[in-house]
Amino acid sequence: MYGMRMSEAFVPTLREVPAEAEIVSHQLALRAGLLRRSSAGVYTHLPLGYRTLKKIMQIIREELDAIGAQELMLPIVQPAELWRASGRWDAYGAEMFRLKDRHDREYCLGPTHEEIITALVGAEVDSYRQLPLSLYQIQNKYRDEIRPRFGVIRGREFIMKDAYSFDRDPEGLNETYERFFRAYQRIFARCGLTVHAVEADSGAIGGSHTHEFMVLAEVGEDRIVHCPQCGYAANVEKAVAVPTPWPVTASGGQAEAVATPGVRTIDELEAFLGVPANRMIKTLFYLADGEPVAALVRGDRELNEVKLATALGATRLEMAPPERIEELTGAPVGFSGPVGLSGVRIVADHEVVGALDAVAGANAADAHLIHLDWGRDFAADVACDLRTAVPGDTCPSCREAALEGASGIEVGQVFQLGTKYSEALGARFKDAEGKEQPIWMGCYGIGVTRTMAAIIEQHHDDDGIIWPVTVAPYQAIVVPIKATDADQMEAAKKVYEQLWTAGIDAVLDDRDERPGVKFKDADLIGFPVRITVGPKALAEGRVEVRWRDNRREERPLLSEVVGVVQAGLRERARF
RNA sequence: CGGAGUGUAGCGCAGCUUGGUAGCGCGCCACGUUCGGGACGUGGAGGUCCGGGGUUCAAAUCCCCGCACUCCGACCA
């Protein structure tokens with residue numbers, strides 16, 4: 001038996017922290033020899049890292065196969081015409097990697113695969129008898145991220161599992177969605193992750209009902225809010241923002257213009273006038289499908305573009321360029337307000353309805369208006385929920401407790417797409433009455449490479465990674481203290497072979513290094529268990545079994561090692 | 001895309017202000033002494049100083065133009 005020896009393994013560990021890595025999971029992935037960067041946001045997965053990825057993928061396969069999903073492999077290179085058909089060739093924008101072939105035909109590197117799979121299923125499925133159907137693949141995805149960061153957490157090339165479901169009707173879609181939801185909970189649990197499923201926004205992909213699976217982590221890029229009382233949890237982009245009452249209850253008298261030379265931002269205005277931001281009206285100009293719109297939110301609030309787009313029923317929403325703002329208001333950017341605006345639809349957040357003694361731009365250079373009252377001085381065409389929720393808001397679900405905030409890494413998302421893609425791409429079937437119907441679709445993603453990073457983020461200490469046994473590249477490492485000692489090496493090899501025979505992934509550290517070096521590497525890489533073969537214990541026919549997570553050590557007889565290791569691993573792999 | 005910064009040996013960095021032909025630590029190779037938590041000594045290998053142009057007798061160093069990478073921001077008026 002030969003197997004895996006550290007003396008020959010391609011595991012380039014690093015003693016020092018590479019300058020390129022900011023967050024702990026990225027640093028450890030580089031130091032432990034899992035990853036190397038090739039270019040911005042593009043990574044090579046070294047043998048050890050790839051083993052972990054394969055274990056994650058295997059868990060995903062087992063759980064998805066168990067709910068009847070079938071694996072297939074879709075193309076990375078996808079024709080533009082398909083994306084034009086769904087309207088996303090333009091909608092996806094700069095984030096899409098585009099290329100042309102020698103005949104000048106346009107393609108993209110798939111950022112996702114709804115178009116391809118819908119076209120496929122549309123072509124092959126004709127009858128309700130062929131539904132429901134769930135298909136998935138594990139594949140490289142390409143997104144030219146505006147700013148790749150955090151190593152593999154936001155890469156431009158990454159591995160994703162994406163699944164697509166096809167049902168006859170909304171009820172079927174609901175059932176499928178629930179099945180995937182539960183499968184996801186099992187997948188992440190088996191990966192050793194604590195995840196929170198939160199209500200999310202469906203964004204550019206379209207669709208209605210959707211949840212994100214979040215790994216809570218300081219470095220997470222997504223902000224979520226959750227209710228400690230009723231369990232409501234949502235991405236801040238999606239969370240319904242319960243309005244708080246306007247801070248003052250009396251009019252300030254007649255509206256009045258004040259000179260505010262060069263004061264353009266809310267912060268500057270707050271300092272200049274001594275009025276708190278929550279009494280200001282922030283006026284933002286957008287083009288909704290080309291039509292100008294003014295959106296009003298309280299000065300200290302953040303406008304949520306998705307909510308605005310939904311409120312307007314707009315498919316394309318972009319900020320108005322500064323020239324356009326000047327045209328509409330007659331004033332430079334920074335002095336816009338709702339008073340006297342014409343030719344623009346005005347949409348207000350609930351919170352500004354009923355505002356009294358408010359401050360806003362005067363639509364004239366270097367001037368603002370004070371003492372503004374809702375109804376008397378300005379109004380809106382529509383009032384709705386426009387702002388991004390924040391921690392401290394009243395829970396929109398139970399209306400009792402205050403929401404708490406957290407940040408998370410999104411490792412998975414489940415969507416109910418409905419018929420958006422099936423209609424755009426003509427994926428129809430004949431129902432039992434022979435009537436043509438669009439297929440009801442769902443899609444379900446898991447960021448595989450990101451999941452690996454999230455696991456490290458959740459499982460490490462000062463010495464290195466602490467792999468959950470289910471995803472550890474190897475479960476055990478056998479370390480003879482002195483590689484040149486024949487007795488130790490012989491005993492170590494025997495233990496190592498027994499572990500293999502018992503089906504345990506093991507590595508033999510046969511390097512002629514000082515013990516400290518080998519221990520440090522073992523801790524850094526994060527093998528769940530280390531079996532040390534040293535002179536002291538060996539004299540009594542024993543070895544040392546040391547667990548990485550709690551640093552506990554036992555000293556079984558040579559004949560008992562496999563049983564002890566097996567028992568410990570099994571205990572740690574339970575759910 | 002805007003702002004800031006960095007690019008010198010495999011990795012982490014100094015040298016640049018004040019121009020004179022490149023250095024430190026770790027790693028790597030050889031030998032010796034060591035050997036239970038990243039040993040020590042001796043000897044050694046390894047560099048288009050990101051690229052291109054310019055100034056100069058002379059450029060890692062000064063100037064110009066590119067490129068790459070990192071961080072911050074990109075609705076927050």
Side-chain angles (χ1 to χ4, degrees), chain A residues 12-23 26-27 30-31 33 36-42 93-95 144 146-151 237 260 262-270 277 280-287 293-309 317-322 324-326 328-329 331-338 349 359-363 365 368 386-388 390 462-464 479-485 488 511-524 530 532-538 543-544 546 551 553:
Chain A
T13 56
L14 262 29
R15 190 176 291 213
E16 291 175 273
V17 180
E20 73 184 63
E22 198 76 359
I23 63 167
H26 188 197
Q27 292 174 347
L30 292 168
R31 289 225 294 137
R36 287 293 182 266
R37 187 185 61 207
S38 165
S39 62
V42 181
E95 227 169 87
D144 194 358
I146 193 162
R147 179 138 99 87
R149 67 178 119 187
F150 299 148
E237 293 173 3
T260 51
V263 180
R264 291 163 174 274
T265 67
I266 294 281
D267 281 352
E268 287 165 5
L269 196 59
E270 205 169 5
M280 298 180 185
I281 311 280
K282 187 151 69 177
T283 309
L284 303 157
F285 289 90
Y286 280 85
L287 298 177
V293 175
L296 313 182
V297 294
R298 221 170 74 179
D300 58 337
R301 299 304 196 187
E302 209 173 277
L303 178 92
N304 183 321
E305 290 189 352
V306 177
K307 288 183 180 177
L308 179 61
L317 186 73
E318 56 192 332
M319 292 222 65
R324 199 70 200 271
I325 295 176
E326 291 195 25
L328 290 163
T329 65
V333 171
F335 301 97
S336 306
D349 180 66
V359 175
N363 296 325
H368 282 79
L386 286 186
R387 72 177 175 95
T388 301
V390 293
D462 290 345
D463 290 318
V479 183
I481 287 289
K482 196 176 167 98
T484 51
D485 182 301
Q488 285 179 32
R511 293 177 299 172
D512 184 13
E513 288 284 357
R514 298 168 65 83
V517 172
K518 299 204 246 190
F519 293 159
K520 286 289 185 189
D521 269 347
D523 286 351
L524 175 61
R530 185 182 83 206
T532 310
V533 182
K536 294 179 225 162
L538 194 58
V543 295
E544 294 155 34
R546 183 181 187 270
R551 300 176 184 240
E553 202 168 285

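Numbered from 1 within each chain, the chains take letters A, B, ... in sequence-line order.
- Put simply, NZ on A:K520 is 14 Å from P on B:G27, counting in whole angstrom units.
- Residues A:I281 and A:R298 fail the side-chain proximity criterion, which asks for heavy atoms closer than 4.5 Å.
- Separating the P atom of B:A60 from that of B:A4 is a span of 27 Å, rounded to the nearest Å.
- Using the Watson-Crick or G-U wobble rule with both distances under 3.5 Å, B:A9 pairs with nothing in any strand shown.
- The distance from atom CZ of A:R36 to atom P of B:C69 is 18 Å, rounded to the nearest whole Å.
- B:U56: no Watson-Crick or G-U partner with both key distances under 3.5 Å is found in any strand.
- Separation of the P atoms belonging to B:U8 and B:G51 is 10 Å when rounded to the nearest angstrom.
- In this structure, A:H26 atom NE2 and B:U70 atom C1' are separated by 11 Å, rounded to whole Å.
- The side chain of A:D523 lies closest to B:G37 when the candidates are B:G37, B:U70, B:G12.
- At a cut-off of 3.5 angstrom, the base of B:G36 holds at least one donor-acceptor pair with the side chain of A:E544.
- One atom, CG of A:D462, and another, P of B:G37, lie 19 Å apart when rounded to the nearest Å.
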> Yes or no on side chain to side chain contact (heavy atoms under 4.5 Å, CB included) for A:T484 and A:D512, after CA distance, side-chain angles and deciding distance?
Replying inline: CA-CA 7 Å; A:T484 51; A:D512 184 13; 4.0 Å; yes
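- Of the residues near RNA chain B, A:T484 and A:T13, the one whose nearest nucleotide (by heavy atom distance) lies more toward the 5' end is A:T484.
- When each of B:G37, B:G36, B:C13 is scored by its nearest atom to the side-chain atoms of A:K536, the top-ranked nucleotide is B:G36.
- At a cut-off of 3.5 angstrom, the base of B:G38 holds no donor-acceptor pair with the side chain of A:E513.
- Only the P atoms considered, B:C49 is 12 Å distant from B:A59, to the nearest whole Å.
- Across all strands shown, A:D521 has heavy atoms under 4.0 Å from base atoms, whether or not it also approaches the sugar-phosphate.
- A:P535 has its side chain out of reach of A:K482: every pair of non-hydrogen atoms, C-beta onward, lies at least 4.5 Å apart.
- Distances were taken from every side-chain heavy atom of A:S39 (C-beta onward) to each of B:C13, B:U34, B:C69; the shortest belongs to B:C69.
- Between A:E16 atom CD and B:G38 atom P the separation is 16 Å, expressed in whole Å.
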> Can you check side chain to side chain contact (heavy atoms under 4.5 Å, CB included) on A:F335 and A:R264, steps first, answer last?
Replying inline: CA-CA 6 Å; A:F335 301 97; A:R264 291 163 174 274; 4.0 Å; yes
Under 3.5 Å, which N/O atoms of the protein pair with N/O atoms of nucleotides 42-44 of chain B?
none

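- Proximity of A:T388 to A:K307: side-chain heavy atoms (C-beta onward) are nowhere separated by under 4.5 Å.
- Put simply, CG on A:D512 is 12 Å from P on B:C29, counting in whole angstrom units.
- When the P atom is used for both B:C13 and B:C29, the distance is 24 Å, rounded to whole Å.
- The nearest whole Å value for the distance from the CZ atom in A:R546 to the C1' atom in B:G37 is 9 Å.
- Nucleic acid contact for A:V297: none, since no nucleic acid atom lies under 4.0 Å from a heavy atom of the residue.
- Rounded to whole Å, the separation between the P atoms of B:C11 and B:C67 comes to 23 Å.
- Side chains of A:T532 and A:I481 form a contact here, defined as non-hydrogen atoms less than 4.5 Å apart.
- Across all strands shown, B:A74 remains unpaired; no Watson-Crick or G-U wobble contact has both distances below 3.5 Å.
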> What does nucleotides 71-77 of chain B look like as a protein-contact string, B for base, S for sugar-phosphate only, - for none, at under 4.0 angstrom between heavy atoms?
Replying inline: BBBBBBB
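- Look at the C1' atom in both B:G47 and B:A14: the space between them is 15 Å, to the nearest Å.
- B:G19: no Watson-Crick or G-U partner with both key distances under 3.5 Å is found in any strand.
- When the nucleotides B:G38, B:G36, B:G37 are ranked by their closest atom to the side chain of A:R31, B:G38 comes out on top.
- Side-chain atoms of A:N363 do not come within 3.5 Å of backbone N or O of A:A331 as any donor-acceptor pair.
- The existence of a salt bridge linking A:D349 and A:K282 is excluded, since no basic side-chain nitrogen approaches an acidic carboxylate oxygen closer than 4.0 Å.
- Side-chain contact between A:Y286 and A:E318 is absent, with no heavy atoms from C-beta onward closer than 4.5 Å.
- For B:G37, the base has a donor-acceptor partner in the side chain of A:R530 [N/O atoms by modelled type, under 3.5 angstrom].
- Separating the P atom of B:G41 from that of B:G46 is a span of 23 Å, rounded to the nearest Å.
- Base pairing of B:U61 is not made with any nucleotide, judged by Watson-Crick or G-U wobble geometry with both donor-acceptor distances under 3.5 Å.
- Nucleotide B:G47 is matched to nothing when pairs are restricted to Watson-Crick or G-U wobble geometry with both distances under 3.5 angstrom.
- Rounding to whole angstrom units, CZ of residue A:R514 and C1' of B:U33 are separated by 11 Å.
- Using Watson-Crick or G-U wobble geometry with both donor-acceptor distances under 3.5 Å, B:A14 finds no partner in any strand shown.
- Contact between the side-chain N/O atoms of A:R15 and the OP1/OP2 oxygens of B:G25 is not found at any separation under 4.0 Å.
- Side-chain contact between A:E22 and A:R149 is absent, with no heavy atoms from C-beta onward closer than 4.5 Å.
- You'll find the side chain of A:V479 stays beyond 4.5 Å of the side chain of A:R546, heavy atoms only.
- Taking the C1' atoms as reference points, B:U17 lies 16 Å from B:C63, given to the whole Å.
- Within the 3.5 Å criterion, the main-chain N or O of A:R15 finds a donor-acceptor partner in the side chain of A:R31.
- Pair assignment for B:G41: B:C31, on the basis of Watson-Crick or G-U wobble contacts that are both within less than 3.5 Å.
- A donor-acceptor pair under 3.5 Å is absent between the side-chain atoms of A:E268 and the main chain of A:V263, judged by distance alone.
- Looking at heavy-atom distances under 4.0 Å, A:P12 makes no contact with the nucleic acid at all.
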